[in-house]
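Following: one structure in structure tokens, then a few remarks.
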Amino acid sequence: MPELPEVEVTRRGLEPHLAGRRIAGAVIRNGRLRHPIPNDLGATLAGQRVKSVARRGKYLLLECETGWLILHLGMSGSLRVLPAAAPAEKHDHFDLVLEDGHCLRLRDPRRFGAVVWATGDVFAHPLLAGLGVEPLDEAFDGKLLHALTRKRQAAIKQVLMDGKLVVGVGNIYANEALFRAGIDPRTPARKLGPKRCARLAHTVRETLEQSIAAGGSTLRDFVDPSGNPGYFPQQYFVYGREGQPCRVCGTAIRAIRQGQRSTFYCPKCQS
DNA sequence: CGCCAGGCCTGCACGC
DNA sequence: TGCGTGCAGGCCTGGC
């Protein structure tokens, strides 16, 4: 389940392998992802140079000469750069083949990912147009978070995960950031004052940045672009720790369901 | 066997 | 009215 840090680590890993390279074509082994991969994508891409590797939220954006290849890893996707001749395994659905003999290979067992070709202003594309602020952007601060949450009666945890407000904060980091900010995840978003919004904006950023610095978190399905498993044993404060002692106060971590998602929190530290 | 994981889209109901 | 909001369902497979 790649979240923003994993996508950013992937982006940084891919950039030196892709930027400036020319595309030979594509191999579509199974195009039935979140959006069907068009059969003629290889023909569209062939001969184009990759100009840059960017990111918006959890979308990776390969800027090509006549458009953009938008990639999403869904919950179980991973990207690696391999020799183009390397044998494909079961869930290797898509290759972007480079002229230098390598390929960018997408593996995605659950097929929640996406490979989409877009022309024109990529940020106006339907997949990207409605996305909220980048949490690592300077614009994301307590003031903005406060303004964005004034009309939101829903629990702050669910609002924090709403990509129309702020992108890239999935379940794990929402839980972790709320713990670090000392905020009960069930608190109606609009009840948070400027002070708690400032604290939360800070911990969201801090949590994401630390995870990026660690090279991605310890996620089963994540493999970094060079092929090394992305296992950086990361200590979560609350995520997945139901019943275990809070690392700060020792109180047993609680698990509840919010909007069909698991929420973990410390009933003492987050009140 | 059945359930769970979960990002993100869609569709629906509701209220101002 | 129309929009913002909130909620639930669906997609999919591996692991327990």
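The chains referred to below are lettered A, B, ... by the order of the sequence lines, with proteins before strands, and numbering in each begins at 1.
When each of dG6(C), dA5(B), dG7(B) is scored by its nearest atom to the side-chain atoms of Arg152(A), the top-ranked nucleotide is dG6(C).
Nucleotide dC7(C) holds its P atom 6 Å from the CD atom of Gln158(A), rounded to whole Å. Nucleotide dC7(C) holds its P atom 14 Å from the CZ atom of Arg257(A), rounded to whole Å. Atom P of nucleotide dG7(B) and atom CZ of Arg56(A) are separated by 17 Å, given to the nearest angstrom. Across the protein-nucleic acid pair, Lys157(A) atom NZ and dG6(C) atom P stand 15 Å apart, rounded to whole Å. Rounded to an integer number of Å, the gap from CG of Leu160(A) to P of dG6(C) is 14 Å. Taking atom CD1 on Ile156(A) and atom P on dG6(C), their separation rounds to 11 Å, with Å as the unit. Following rounding to the nearest Å, Gln258(A) (CD) and dG7(B) (C1') show an atom-to-atom distance of 17 Å. Atom pair Leu71(A):CG and dG7(B):P shows a separation of 19 Å (rounding to whole Å applied).
Considering only residues two or more places apart in sequence or on other chains, Arg56(A) meets the salt bridge (charged side-chain N to carboxylate O under 4.0 Å, His left out) condition with Glu134(A). Evaluation of the side chain to side chain contact (heavy atoms under 4.5 Å, CB included) rule for Glu206(A) yields Arg180(A), His202(A), Thr203(A), Gln210(A) as partners, not counting sequence neighbours. Take Glu138(A) and apply the salt bridge (charged side-chain N to carboxylate O under 4.0 Å, His left out) test, not counting sequence neighbours, and it matches no residue. Applying the salt bridge (charged side-chain N to carboxylate O under 4.0 Å, His left out) test to Lys164(A) and every residue at least two apart in sequence or in another chain returns Asp162(A). Annotation: salt bridge (charged side-chain N to carboxylate O under 4.0 Å, His left out) contacts of Lys51(A) (sequence neighbours excluded): Glu63(A). Judged as a side chain to side chain contact (heavy atoms under 4.5 Å, CB included), and not counting sequence neighbours, the contacts of Arg29(A) are Val27(A), Ala88(A), Asp92(A), Asp95(A), Arg105(A).
Each of Lys151(A) and Gly259(A) has a nearest nucleotide on DNA chain C; the 5'-most of these lies closest to Lys151(A).
Judged by distance alone, the side chains of Thr263(A) and Gln258(A) do bring a donor and an acceptor atom under 3.5 Å apart.
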Which atom pairs, donor and acceptor, lie under 3.5 Å between side-chain atoms of residues 38-50 of chain A and protein residues at least two apart or in another chain?
residue  : atom : partner  : partner atom : Å
Thr44(A) : OG1  : Asp40(A) : O            : 3.0
Gln48(A) : OE1  : Glu65(A) : N            : 2.9
Gln48(A) : OE1  : Thr66(A) : N            : 2.8
Gln48(A) : OE1  : Thr66(A) : OG1          : 3.3
Gln48(A) : NE2  : Thr44(A) : O            : 3.0
Gln48(A) : NE2  : Thr66(A) : OG1          : 2.8

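Counting non-hydrogen atoms under 4.0 angstrom, Arg190(A) reaches nothing in the nucleic acid. Among the protein residues, Gln153(A) comes within range of the sugar-phosphate backbone only, with heavy atoms under 4.0 Å from sugar or phosphate atoms but none that close to a base.
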Heavy atoms under 4.0 Å is the rule here; annotate nucleotides 9-16 of chain B 5' to 3' with B where the base is hit, S where only the sugar-phosphate is, and - elsewhere. S-------
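Between Arg11(A) and Glu8(A) there is a salt bridge, with a side-chain nitrogen of the basic residue lying less than 4.0 Å from a carboxylate oxygen of the acidic one.
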Nucleotide N/O of nucleotides 11-14 of chain C paired with protein N/O under 3.5 Å:
residue : atom : partner   : partner atom : Å
dC12(C) : O4'  : Arg110(A) : O            : 3.3
dC12(C) : O3'  : Arg111(A) : NH2          : 3.3
dT13(C) : OP1  : Arg111(A) : NH2          : 2.8
dT13(C) : O2   : Arg110(A) : NE           : 3.3
dG14(C) : OP1  : Lys90(A)  : NZ           : 3.3
dG14(C) : OP1  : His91(A)  : NE2          : 2.6

